[in-house]
Structure formats: C-alpha cells, structure tokens
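Worksheet: the structure to be examined is printed underneath.
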Amino acid sequence: MADGKPCKVCNFTRQKSYGVAVPSLEELKLKGTEFLGFSPAQPVTVVLDVDGTIVEDEAYFLCLPSDTKFMLLHERETWSPARRVDGGTAWMARDSMLVEVDAVDTSSAAAPWLDLALQLKQDLASIILMSDGDLQTLVDAPSVELASAVGFQVKKAEDLQETLQRVLDRREEERQSKELLQLYLKAAVKEGGQQADQSEPGQEKAEDFEMETVEVDTASGFVSRTLMVLKGKTNPETRLSTEDLQMVVTRGVKAMEQVLGMDRIRTSALLQACEAELTGRLQQIQAVQSIRGSAQLDSSRGSS
C-alpha cells in the first residue's frame, strides 16, 4: 500500500470526498465504495470528476497524475459538471421538461436540502407549504445536485431557485413594510402616553425579559423554534411552515394565550394573522392543483 497512487474519490453529489492511496483501479473501487458508504454488492462505475470520462482501463488509470479526483457512480447515477448559471423563470412548465429521475445516493442524506428536494419530487406544490428557512435552504443548494435529486434539467432547477429567491425577497419586503408601520404606530402611542411610560419605566423591559424566559409548555406540542418565532419575531406568520400555522389556528386564542404568555388582544391579533396567512397558502395550493388537473385533462384528451 505504500506504493499506492494518491487519489481522491467522491459520490455523484460531491457532498462526500475522500483521499485514498491505491495501487490499482480495482482497489480504487473497493476503497471508494467503503469510504463513501456504498453497498459492496452494488457495482460502481469510475469516472473522472473533471469531465465525466469513464475509467475502465488499468493502464489508463496508472497513467493519470497523482491526486486525480474520481467520481464513483451507481447504475442509474450520471455525472454532471460542478457549475451554476443564473436562469430565468420558466420553471412552471414542469411536465414538459421532466427527465428520467436519477437514483439519489443515500450516503448524501446528510445534505440539509435533500429531504426538501425529495418533497418537491413528490409534489411541486409543497413549495407553498415551506417556511422561509426551507426555501432559503433550497436556494443555497448546488443546482446540479438539486436537479438530479428532483428529476429536473439543470437549467430548470436554476430557474426554480431564482423564483424561490424572488418569493423570499417579496416576503421580506412585506415584513419590512409591516415593521415600518408598527414602528410608526408605536412612536405615536409613546408620544401620546409619555406620562404613563414614566410612571412604569421598567415595565417594557420586564415584559421583554419575561417573554424570553417563558418555558416551553411540553404539553403544547410546539417545538422551541416555533414558540421563539411566535414570541420574538415580527410578522411571525410569514416565517412559519403551513403545518405550524395549522397548529396555531387549531389551538385557538385561549390555548395559545396560555402557551405564549401573551394577553388576549395580542394573542387574538397573532392568530388572525396566522389564519390569514394559512388561508392564502391553501388558496395557492388549490390554484396549483386546479392548474395541474386541467393540464392532465388536456393531455389525456390530446392522447386520445
């Protein structure tokens, strides 16, 4: 092994990469399979990471320079270049550009965007149900790997990411507008009630401290992050997933008042905002499903 050639191996998503020293092509396959967590029973194909050239000849392998990077592929996995190009917005015509879905290597499941990509492959309309954090994760994902996981062409995956970024930008603009309005209203109230504020100078700080230190009600079923967003974020309804919004609306004002430790007026206003956001998202889902149903009907009529 001391005379082995130093090489690098990675999987098709390039999420995992290892350095190995091997004397032969066959040994590269064995060690690469082990390091990348592949099943030894599954055959692999070795290609050059830089351009996808298939490496099958032992003599060619030995002629390659040290530290050459190889990619190990399973049967239905394909090589793609490691690049990203900005695109337009023509991703909505999904059915017209679908390609055969490549198998996703389970060893890359640690990638934070992979579960979200698999959700998209099941139902593209699930985008509407995702929180800002989920959308940002998809925007930041490598375009080539996202395309392979979802079953899109690379260009279409790039178009999707650009559209998601615009959705995030629009939500942020809406939040900033609401924040400015709230600051104005807060300033107006403060100006009109300075005497009351002076009589209780530590009240606001005490409330803020209490808000931060409220313990999570384990019986509520909410995760810590959801409660933190509900209590400490401006316009929290736009930052929650649809599932969280449904939980908030279902619990009702009285239950959420106890969970959040807020007064009834603030809790009621929060639930109204969450219900309005939830209604808007559900309407978007219905619209997407309606469009999809019409497209499928037109397709079936055309084929008949």
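- Of all heavy-atom pairs between Leu230 and Met256, the closest is CD1-CE, 4.0 Å.
- Residues Leu164 and Leu168 form no side-chain contact, since every pair of their non-hydrogen atoms from C-beta on lies 4.5 Å or further apart.
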Return a table of donor-acceptor pairs under 3.5 angstrom between the side chains of residues 42-53 and protein atoms on other chains or two or more places apart.
unit_1	atom_1	unit_2	atom_2	d
Gln42	OE1	His74	NE2	3.4
Asp49	OD1	Arg14	NE	2.8
Asp49	OD1	Arg14	NH2	3.3
Asp51	OD1	Thr53	N	3.1
Asp51	OD1	Thr53	OG1	2.9
Asp51	OD2	Thr53	OG1	3.2

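- Using a 4.5 Å heavy-atom cutoff, the side chains of Leu270 and Cys274 are in contact.
- By the 4.5 Å heavy-atom criterion applied to side chains, Trp113 and Leu146 are counted as neighbours.
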Exercise for review: Could you walk me through whether Thr238 and Arg171 pass side chain to side chain donor-acceptor pair (under 3.5 Å), step by step?
Suggested key: CA-CA 7 Å; Thr238 63; Arg171 291 184 181 181; over 6 Å; no

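- Between Leu30 atom CG and Phe38 atom CZ the span is 13.5 Å, to the nearest 0.5 Å.
- No side-chain heavy atom of Arg251 sits under 4.5 Å from any side-chain heavy atom of Leu271.
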Exercise for review: Just do the side-chain contact (heavy atoms from CB on, under 4.5 Å) check on Leu28 and Leu25 with the steps written out, would you?
Suggested key: CA-CA 5 Å; Leu28 176 68; Leu25 179 60; 4.2 Å; yes

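- Around CD1 of Ile265, the count of heavy atoms belonging to other residues, nucleotides or ligands within 6.0 Å does not exceed 12.
- A pairwise comparison of heavy atoms in Ala117 and Leu138 identifies N-CD2, 4.2 Å as the closest pair.
- With contacts defined as side-chain heavy-atom distances shorter than 4.5 Å, the pair Val20/Glu34 does not qualify.
- By the 4.5 Å heavy-atom criterion applied to side chains, Val22 and Phe61 are counted as neighbours.
- Using modelled atom types, one finds no donor on one side chain facing an acceptor on the other under 3.5 Å when comparing Gln119 with Asp115.
- Considering Lys155, Gln161, Lys156 in turn, Lys155 is the only one that fulfils the side chain to side chain donor-acceptor pair (under 3.5 Å) rule with Asp159.
- Between Leu62 atom CG and Lys5 atom NZ the span is 6.0 Å, to the nearest 0.5 Å.
- No donor-acceptor pair under 3.5 Å is formed between the side chain of Lys31 and the backbone N or O of Val9.
- In this structure, Glu77 and Ser148 have side chains that are not in contact, with every pair of non-hydrogen atoms separated by 4.5 Å or more.
- Within the model, atoms CG of Leu282 and OG1 of Thr242 stand 7.0 Å from one another, a figure rounded to the nearest 0.5 Å.
- Annotation: the span from Cys10 atom SG to Tyr18 atom OH amounts to 11.5 Å, rounded to 0.5 Å.
- Between the CD atom in Glu277 and the CG atom in Asp244 there is a gap of 12.0 Å [rounded to 0.5 Å].
- Going from atom CD of Gln153 over to atom OG of Ser143 covers 13.5 Å, rounded to the nearest 0.5 Å.
- Ionic pairing of Arg170 and Glu174 is present here: one or more N-O contacts between side-chain nitrogen and carboxylate oxygen are shorter than 4.0 angstrom.
- Checking side-chain atoms of Glu237 against main-chain N and O of Leu245 turns up no donor-acceptor pair under 3.5 Å.
- The neighbour count for Ile54 CD1, taken as heavy atoms of other residues, nucleotides or ligands under 6.0 Å away, does not exceed 12.
- The backbone N or O of Arg264 sits nowhere less than 3.5 Å from a side-chain atom of Ser268 that would complete a donor-acceptor pair.
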Point to revise | side chain to side chain donor-acceptor pair (under 3.5 Å) between Gln15 and Asn11, worked out | key: CA-CA 7 Å; Gln15 292 293 314; Asn11 58 6; over 6 Å; no

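- A 6.0 Å sphere centred on NZ of Lys69 holds more than 12 heavy atoms belonging to other residues, nucleotides or ligands.
- Side-chain atoms of Asp67 and Pro6, non-hydrogen and from C-beta on, do get closer than 4.5 Å to each other.
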